[in-house]
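We're numbering straight along the sequence, starting at 1. Values below: every heavy atom of this structure, side chains too, minus hydrogens, waters and symmetry copies. Since this is a predicted model, take the numbers as computed values, not measurements.
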Amino acid sequence: MEIPQATRRLAVIIAIEEYRNEPQIPNVRFARNDANAFKQTLIDHFGYKEEDIIYWIEKDAVQNTLLNDLPYTIQQLSDEYQFIFYYAGHGFFQNGNNRLTCWDSHHFNLSETTVSLKEILFDPLEKSGCQQSLIFLDCCSTMLTESLNNRDIISDMTDKEFAAFVRTGKYDAVYLSCSPGEKSSSSGIINHGIWTYHLVRALSGLDEKSIVKEKYITSNSLQNYLSVAIPKFIREQKDKYAKQTPFARISAANEFLIRELPEDEVDVSLPDIHLQFENMYLRKISESKVKDAKGFVAGYKPPKFISRTTQQFVQKVFFEEIQGEIGEIVEQTKDIFKLRDGDISYDCQDEGGHVETEYFKYYIRAGQHERNPSLAVITREIYPLIPLKDLPADFDSIFPIGIDELIIPIIGKVNFDDLAGKFENLRESEGGDLSANRMTGSIEYISSRKTSLTIDTGKGELIITRYALMGAMELIQSSIEDIRQLSQQNPKYLNGV
């Protein structure tokens with residue numbers, strides 16, 4: 001049976017990273033990043049426009065909205081529609097139903113403050129005329145049950161509900177980030193949930209292992225890719241305690257097409273790389289002894305192993321430093337941008353702190369060193385939200401710590417051999433040092449200007465490192481010539497020329 005051609009589109013994207021009743025309901029790390037990446041994938045590769053996407057993040061995803069607005073919207077869909085649903089947050093099975101948490105869910109009364117997946121999604125879809133639906137759920141109950149006392153009423157989502165939905169005879173598929181009893185993991189290395197990160201790469205056509213016959217992504221090829229890529233990524237991170245096996249239910253009789261790649265997206269092997277300047281950010285990663293933190297008092301001992309408890313301990317002892325840095329940045333931001341306190345969103349919790357304005361976002365967090373438990377890793381990130389030329393000249397003075405890394409996402413696939421060959425030519429003509437590792441997909445070139453250019457073909461990003469701490473604007477300006485030489489692009493977003 002040939003899949004009907006959809007002429008209209010609707011997507012609903014829901015992500016809850018910080019709950020109203022946190023810490024009783026714990027945060028979902030990088031849920032906002034995941035939702036944004038998924039939304040951009042629909043726009044860039046599936047023909048969705050902003051008006052085709054309902055985007056509910058945190059406070060927008062309250063129980064009343066999910067109980068009333070969502071089912072009503074779905075029931076109006078006709079057979080002209082393709083419907084895509086994405087959720088990142090906590091989900092669980094209780095009292096015979098798979099349920100999703102809302103921003104305002106309460107840990108003392110989960111049954112009455114969460115929503116039934118069947119009631120808000122599956123039943124309305126069956127009643128609608130929609131013939132094509134894709135449902136992506138990046139959630140599990142593991143983190144939720146660890147934080148609650150009434151663990152006996154919480155369990156992992158059941159397969160029966162998903163199986164019943166895809167037996168309707170329509171072209172439906174439900175993809176879950178993990179199997180029952182497993183945790184849906186995230187990674188600070190990629191700043192995403194591991195499943196969503198690979199889901200986005202697959203749907204974008206960035207990994208040939210998700211593509212069949214060189215140009216098709218199908219319901220089955222997507223699940224086959226995810227079921228291999230996720231465990232492989234976790235093994236490579238040497239997380240021997242994590243087990244995550246993606247799970248899917250697909251219309252029983254039909255393997256259907258999810259996406260056909262355009263000709264210019266297939267088998268790309270150009271040596272040049274194309275950079276997404278508007279999504280670049282700056283980073284500084286530093287290490288510090290845990291015992292040197294201001295919150296480390298007499299009687300404490302540096303951790304000798306890594307666990308969730310020791311991670312929380314490290315965050316706690318560095319809280320005072322992070323809080324002080326956030327306060328300093330807020331005051332400098334007010335002064336330089338002439339803003340009032342209400343114009344700035346800022347906060348500091350054990351997990352870290354943030355400052356957000358219409359001009360930039362700043363994040364800082366402390367974590368435990370992966371190989372040395374007695375060390376902390378402090379990560380600072382600056383995301384400019386406007387072109388560099390529009391920032392004030394004294395923008396750098398806002399931030400008390402110098403920056404040494406500029407990270408720019410790479411658009412499209414990168415052919416490792418061609419790119420390595422280009423760097424070899426560059427080394428021969430310009431000098432410098434080169435290291436290329438096909439096994440890891442990493443190429444590092446240290447130029448004669450003492451700039452390190454690292455291409456991570458797996459993550460799809462260019463990392464520019466300077467061997468001296470600089471301000472954000474200074475680092476960008478000093479990197480422009482290297483960027484031009486590497487990508488043959490004129491980075492107007494960075495310097496406005």
Quiz prompt | Donor-acceptor contact below 3.5 Å, side chain Ser204 vs main chain Arg201 | solution = no

Exercise. Examine Tyr86 together with Tyr175 and report whether their ring centres are nearer than 6.0 Å.
Key: no

Practice problem: Please round to the nearest 0.5 Å and tell me the distance separating atom OG1 of Thr65 and atom CG of Asp69. | Solution: 5.0 Å

Quiz item: Ignoring hydrogens and geometry, is there a side-chain-to-backbone donor-acceptor pair from Arg283 to Thr379 under 3.5 Å?
Solution: no

Quiz item: With a 3.5 Å cut-off and no angle check, do the side chains of Tyr225 and Asp207 form a donor-acceptor pair?
Solution: yes

Exercise. Scan residues 325-334 for pairs that pass salt bridge (Lys or Arg N to Asp or Glu O under 4.0 Å), counting only residues two or more places apart or in two chains.
Key: Glu325-Arg380, Glu331-Lys334, Lys334-Asp341

Quiz item: Taking NZ, NE, NH1 and NH2 as the nitrogens, is one of them in Asp104 or Arg20 under 4.0 Å from a carboxylate oxygen of the other?
Solution: no

Do any side-chain atoms of residues 311-319 form donor-acceptor pairs under 3.5 angstrom with protein atoms, and if so which ones, sequence neighbours left out?
from	atom 1	to	atom 2	distance (Å)
Gln311	OE1	Gln368	N	2.8

Quiz item: Taking the six-membered ring for Trp, are the ring centroids of Tyr19 and His90 within less than 6.0 Å of each other?
Solution: yes

Quiz item: Any salt bridge between Arg32 and Glu58, counting N to O under 4.0 Å?
Solution: yes

Self-check item: Gln40: side-chain hydrogen bond (donor to acceptor under 3.5 Å, both in side chains) partners, not counting sequence neighbours
Solution: Asp44

Quiz item: Considering residues at least two apart in sequence or located in another chain, which fulfil the side-chain hydrogen bond (donor to acceptor under 3.5 Å, both in side chains) criterion with His106?
Solution: none

Quiz item: Who are the salt bridge (charged side-chain N to carboxylate O under 4.0 Å, His left out) partners of Glu351, not counting sequence neighbours?
Solution: none

Self-check item: Qualifying salt bridge (Lys or Arg N to Asp or Glu O under 4.0 Å) pairs, either residue in residues 285-300, two or more places apart
Solution: none

